[in-house]
Amino acid sequence: MDLLDKDGLTEHEFLEQYSVGDYERPSVTTDMVIFTVTAEEADSYRKLPEKELRVLLIRRAGHPFLGKWALPGGFVRSNETTEQAAVRELCEETGVKDVYLEQLYTFSDIGRDPRTWVISCSYMALINSDKLELKAGDDAAAAAWFKVAYRPLWEKKERIEDGYIKTLEYEIKLSSEEEELSAVVARTMTAKTTSTGMDYQIVSNDGLAFDHAKIIACAIERLRGKVNYTDIALHLMPKFFTLTELQQVYEVVMDKELLKAAFRRKVADLVAETDQYTENAGHRPSRLYRRNWEDEG
């Protein structure tokens with residue numbers, strides 16, 4: 001027997017008379033925070049190349065925010081999920097697939113897109129720079145990797161009746177060979193006895209489109225947090241690498257120096273030795289390692 005609702009309708013009857021126009025429907029996009037780590041050439045052959053954390057940005061070729069830099073992304077098509085849209089956008093912009101990808105956060109502030117009501121389901125991807133093949137999409141004038149700096153400016157903590165509110169302001173600096181962008185983002189955490197919440201607000205913005213400064217800040221926080229307790233940083237590495245190179249990647253992501261001995265204990269279970277060594281590096285050969293979930297072949 002079919003169940004009846006309060007109006008005496010079966011589910012089939014309800015769906016037949018349901019009007020999709022009763023509620024305004026938002027457009028949905030995916031915005032991609034795509035990170036890689038590149039090596040900057042050293043000024044001496046005896047020194048190791050310095051690592052730099054970079055994020056991919058696209059210069060917008062049309063309105064709104066014409067000429068501004070934005071995260072790669074686009075509208076979700078009617079025949080795909082948000083994750084499928086993210087994978088498609090990633091492949092279109094970088095030429096790579098089958099890389100680390102995770103959903104970041106849903107951004108739904110009113111007015112975040114001047115065209116219409118747009119909700120963004122954002123994703124974070126990590127790519128080994130050796131695999132990259134940049135190409136701007138149809139709606140983009142250029143694509144470029146920007147060096148990322150993300151540092152705190154100040155913090156404030158207030159006690160409230162059943163918990164506290166902590167606010168931190170961070171400065172984001174993004175630099176390419178031709179341009180520098182900057183923004184200040186405030187991150188507010190409300191901790192109560194019954195719940196916790198996190199909110200990001202853009203304090204100032206110079207050069208970034210939409211609310212993408214906020215999305216970038218959220219992605220950096222996620223990446224730094226997960227580096228501490230997962231093997232996520234290994235997705236930024238080539239197939240074979242030295243422990244020193246891996247430590248450099250951890251340091252550039254976390255923006256701090258790490259003690260060599262403590263770091264090697266930390267990653268001991270994440271990597272596996274190979275019988276290969278570095279060649280033509282200008283110093284004594286170092287043993288190469290691999291991710292412990294991959295075969296050596």
Side-chain angles (χ1 to χ4, degrees), residues 21 24-36 54-97 99 101 103-127 129 131-148 150 172-185 200-220:
E24 184 181 356
R25 289 176 291 172
S27 297
V28 180
T29 63
T30 57
D31 289 306
M32 302 285 298
V33 187
I34 305 172
F35 289 118
T36 193
R54 293 184 180 267
V55 65
L56 180 63
L57 296 179
I58 307 297
R59 189 189 291 277
R60 289 187 55 79
H63 294 298
F65 301 103
L66 176 64
K68 300 292 186 181
W69 290 92
L71 293 168
F75 287 93
V76 179
R77 297 169 181 171
S78 60
N79 63 344
E80 62 186 0
T81 65
T82 56
E83 183 167 346
Q84 289 169 338
V87 170
R88 172 176 54 78
E89 292 287 348
L90 177 64
C91 187
E92 289 175 357
E93 302 292 356
T94 66
V96 300
K97 58 181 75 174
V99 299
L101 179 72
Q103 187 174 331
L104 186 61
Y105 194 74
T106 299
F107 293 86
S108 58
D109 286 353
I110 304 302
R112 60 175 302 277
D113 189 315
R115 292 169 292 191
T116 186
W117 180 19
V118 178
I119 293 174
S120 172
C121 186
S122 62
Y123 286 80
M124 177 176 70
L126 305 181
I127 300 177
S129 61
K131 297 181 178 180
L132 293 175
E133 176 189 334
L134 276 189
K135 47 185 179 180
D138 293 339
D139 60 347
W145 288 99
F146 280 72
K147 180 181 176 181
V148 180
Y150 180 74
I172 303 172
K173 287 189 175 181
L174 304 167
S175 56
S176 68
E177 293 180 357
E178 301 177 354
E179 197 160 355
E180 289 193 0
L181 314 174
S182 64
V184 174
V185 174
Y200 289 85
Q201 295 294 328
I202 297 174
V203 178
S204 65
N205 179 33
D206 180 17
L208 283 166
F210 304 101
D211 58 352
H212 289 185
K214 186 192 302 189
I215 300 177
I216 292 170
C218 185
I220 295 172

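Reckoned from all heavy atoms, side chains included, excluding hydrogens, waters and symmetry mates. Everything quoted here is computed from the prediction, not taken from an experiment.
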Indicate the atoms forming the closest heavy-atom contact of [X] with [Y], along with that distance.
X: Ala125; Y: Leu101; result: CB-CD1, 4.0 Å
X: Arg88; Y: Phe75; result: NH2-O, 3.4 Å
X: Glu93; Y: Pro72; result: CG-CB, 3.7 Å
X: Ala217; Y: Ile172; result: CB-CD1, 4.0 Å
X: Glu179; Y: Phe146; result: O-CE2, 3.9 Å
X: Glu180; Y: Ser175; result: CG-CB, 3.9 Å

Exercise. Quick one: side-chain contact (heavy atoms from CB on, under 4.5 Å) partners of Val28, sequence neighbours excluded?
Worked result: Val76, Thr82
For this session: List for me each residue that meets side-chain contact (heavy atoms from CB on, under 4.5 Å) alongside Thr81, sequence neighbours excluded, and say none if there are none.
Result: Glu83, Gln84
Atom [atom1] in [X], atom [atom2] in [Y]: separation rounded to 0.5 Å?
X: Trp69; Y: Leu208; atom1: CH2; atom2: CG; value: 10.5 Å
X: Lys147; Y: Ser176; atom1: NZ; atom2: OG; value: 12.0 Å
X: Leu71; Y: Ile216; atom1: CG; atom2: CD1; value: 4.5 Å
X: Gln103; Y: Tyr123; atom1: CD; atom2: OH; value: 4.0 Å
X: Leu181; Y: His212; atom1: CG; atom2: NE2; value: 13.0 Å
X: Ile215; Y: Phe210; atom1: CD1; atom2: CZ; value: 10.0 Å

For this session: Could you walk me through whether Leu90 and Val99 pass side-chain contact (heavy atoms from CB on, under 4.5 Å), step by step?
Result: CA-CA 9 Å; Leu90 177 64; Val99 299; 3.4 Å; yes
Exercise. Counting N and O atoms only, with roles assigned by atom type, does the side chain of Ser122 sit under 3.5 Å from a partner on the main chain of Tyr105, one being a donor and the other an acceptor?
Worked result: yes
Problem set entry | salt bridge (Lys or Arg N to Asp or Glu O under 4.0 Å) involving Arg77 - partner list, sequence neighbours excluded | none
Exercise. Does Lys68 have any salt bridge (Lys or Arg N to Asp or Glu O under 4.0 Å) partners at least two apart in sequence or in another chain, and if so, which?
Worked result: none
For this session: Take Glu24 and Trp117 through the side-chain contact (heavy atoms from CB on, under 4.5 Å) test and state the conclusion after the steps.
Result: CA-CA 9 Å; Glu24 184 181 356; Trp117 180 19; 4.1 Å; yes
For this session: For Asp206, check side-chain hydrogen bond (donor to acceptor under 3.5 Å, both in side chains) against everything at least two apart and list the hits.
Result: none
Problem set entry | Inter- and intrachain pairs under salt bridge (Lys or Arg N to Asp or Glu O under 4.0 Å), touching residues 107-119, at least two apart | Asp31-Arg112, Asp109-Lys214, Arg112-Asp211, Asp113-Arg115
For this session: Answer whether the closest heavy-atom distance between the side chains of Phe35 and Met124 falls below 4.5 Å.
Result: yes
Problem set entry | Side chain to side chain, Val148 and Ile220, heavy atoms closer than 4.5 Å | yes
Exercise. Between Leu126 and Thr36, is a side-chain contact (heavy atoms from CB on, under 4.5 Å) present by the stated rule, with each step listed?
Worked result: CA-CA 6 Å; Leu126 305 181; Thr36 193; over 6 Å; no
For this session: With side-chain contact (heavy atoms from CB on, under 4.5 Å) as the test, would you mind laying out the steps for Ser27 and Ile119 before giving the verdict?
Result: CA-CA 6 Å; Ser27 297; Ile119 293 174; over 6 Å; no
